[in-house]
Trainee: 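I'd like to ask some things about the structure below.
As a basis for the values below, the full set of heavy atoms in this structure was taken, side chains included, without hydrogen atoms, waters or symmetry mates. Along the sequence shown, residues carry numbers from 1.
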Amino acid sequence: MAARVLLARGGLLRPAAPGSFLPGLRRVTSSGHRAREDSWLKSLFVRKVDPRKDAHSNLLAKKETSSLYKLQFHNVKPECLDAYNKICQEVLPKIHEDKQYPCTLVGTWNTWYGEQDQAVHLWRYEGGYPALTEVMNKLRENQEFVSFRKARSDMLLSRKNQLLLEFSFWNEPVPRSGPNIYELRSYQLRPGTMIEWGNYWARAIRFRQDSNEAVGGFFSQIGQLYMVHHLWAYKDLQTREDIRNAAWHKHGWEELVYYTVSHQLSVSLTS
């Protein structure tokens, strides 16, 4: 597992107004989320999944949306971080606001603890792969963005991205009040264990909703495979510590953690 603590520069963005915040997240225990969760669990335990006819992503992902997410990691030259943040703040919100692009800049952060001098961006494409293709084609004709990419390339040491889908039982990322720190926990799973992982976390997420800290949960489709990303928000590091410690006093949490750990190859944390 990898874990990063992210310092919000843009945080979670409102679709029509980058930089603003909307208080709170919808709770996963709402009737709509609970119905989807129960339906998803039923599909696991009642019928046998034929992998040749029913892809894992069809069981794991939300059915009522067709959104695709892109998670970008940019490792910036230390001396260029301020300049990198400046040009991103000038260009990326314009794409976010322009209605001709079917995409949303969900959040943009700098890594605070974890890999240093790193920027993390999360994009949502409303309409799945066709929307992604449309955005990429239009950006090739956007001269400001072409110039931005050229200037950005001189500031980067490396970059990588992944295309992700949302877990059906997690909150949908929406803007929230701040300031907050965000924790991105990234899990490398053993091949073949994604369905079981989802089964356990569909129950485990109920233990982590008291403080609305759960922002979003995703699994990879393209890029590094068998990856899971959990995004959490906390007021500060001490609040994070208190909330995580409190979970261990809830009956059933320890067992679910035990079983999910057995499916991991590695995990990382970004803050």
Trainee: For S153, give me all partners under side-chain hydrogen bond (donor to acceptor under 3.5 Å, both in side chains), at least two apart in sequence or on another chain.
Mentor: none

Trainee: Within the 4.5 Å heavy-atom criterion, are Q209 and N171 side-chain neighbours or not?
Mentor: yes

Trainee: Answer yes or no: is there an ion pair linking E144 with K94, defined by an N-O contact shorter than 4.0 Å?
Mentor: yes

Trainee: Can you tell me how far apart CD (E183) and CG (L237) are? Round to the nearest 0.5 Å.
Mentor: 9.0 Å

Trainee: Could you go step by step and tell me if Y101 and N142 meet the side chain to side chain donor-acceptor pair (under 3.5 Å) rule?
Mentor: CA-CA 11 Å; Y101 296 101; N142 184 326; 3.1 Å; yes

Trainee: Mind checking side-chain hydrogen bond (donor to acceptor under 3.5 Å, both in side chains) for N137 and listing every partner two or more places apart, or none if nothing turns up?
Mentor: R140

Trainee: CG of L92 to CD of E97: how many Å apart, nearest 0.5 Å?
Mentor: 11.5 Å

Trainee: Can you confirm if the NZ or CZ of K160 lies within 45° of the ring axis of F73 and under 6.0 Å from the centre of its six-membered ring?
Mentor: yes

Trainee: Does V146 belong to the same Ile/Leu/Val/Met/Phe/Trp/Tyr cluster as I87, with side-chain heavy atoms less than 4.5 Å apart forming each link?
Mentor: no

Trainee: Quick one: are the ring centres of W170 and F218 less than 6.0 Å apart?
Mentor: no

Trainee: With sequence neighbours left out, what residues match R159 under side-chain contact (heavy atoms from CB on, under 4.5 Å)?
Mentor: H74, R149, R152, L156

Trainee: Identify the heavy atoms of Y69 and P173 that sit nearest to each other, and give their distance.
Mentor: OH-CD, 3.6 Å

Trainee: Is there a donor-acceptor pair closer than 3.5 Å between any side-chain N or O of T193 and the backbone N or O of L189?
Mentor: no

Trainee: Are the side chain of N180 and the backbone of Y182 linked by a donor-acceptor contact shorter than 3.5 Å?
Mentor: no

Trainee: Return yes if a side-chain donor-acceptor contact under 3.5 Å exists between K70 and Y125, otherwise no.
Mentor: yes

Trainee: My understanding is that only residues two or more places apart in sequence, or in another chain, count here; which of them pass side-chain hydrogen bond (donor to acceptor under 3.5 Å, both in side chains) with K77?
Mentor: none

Trainee: Are Q89 and N85 close enough that a side-chain donor and a side-chain acceptor fall under 3.5 Å?
Mentor: no

Trainee: On a heavy-atom basis, which atom in S67 and which in L165 lie closest, and how many Å separate them?
Mentor: O-CD2, 3.8 Å

Trainee: Donor-acceptor pair, distance only, cut-off 3.5 Å: does the side chain of N199 make one with the backbone of I195?
Mentor: no

Trainee: Under the side-chain hydrogen bond (donor to acceptor under 3.5 Å, both in side chains) definition, can you give me all pairs with a residue in residues 222-237, not counting sequence neighbours?
Mentor: Q162-H229, S186-H229, Q188-Q224, R208-Y234, D236-T239

Trainee: State, to 0.1 Å, how close H96 and L105 come at their nearest heavy-atom pair, and which atoms those are.
Mentor: ND1-N, 2.9 Å

Trainee: Scan L71, L68, V228 and name whichever one has a side chain to side chain contact (heavy atoms under 4.5 Å, CB included) with L164.
Mentor: L71

Trainee: So do V135 and P102 actually touch side chain to side chain, heavy atoms under 4.5 Å?
Mentor: yes

Trainee: So how far is it from M136 CE to E141 CD, rounded to the nearest 0.5 Å?
Mentor: 13.0 Å

Trainee: Using 0.5 Å steps for rounding, measure from the CZ atom of R206 to the CH2 atom of W201.
Mentor: 13.0 Å

Trainee: For the side chain of N75 and the backbone of L157, is there at least one donor-acceptor N/O pair under 3.5 Å apart?
Mentor: no

Trainee: With distance as the sole test, does Q116 use its side chain to make a donor-acceptor pair with the main-chain N or O of W112 at under 3.5 Å?
Mentor: yes

Trainee: Show your working on side chain to side chain donor-acceptor pair (under 3.5 Å) between T104 and E126 and close with a plain yes or no.
Mentor: CA-CA 8 Å; T104 301; E126 295 84 4; 2.6 Å; yes

Trainee: Could you give the distance from CD (Q221) to CZ (F219), rounded to the nearest 0.5 Å?
Mentor: 5.0 Å

Trainee: Could you pull out all residues at least two apart from D117 that satisfy side-chain contact (heavy atoms from CB on, under 4.5 Å)?
Mentor: P78, L81

Trainee: Going from CG on D154 to OH on Y84, what distance comes out if it is rounded to the nearest 0.5 angstrom?
Mentor: 13.5 Å

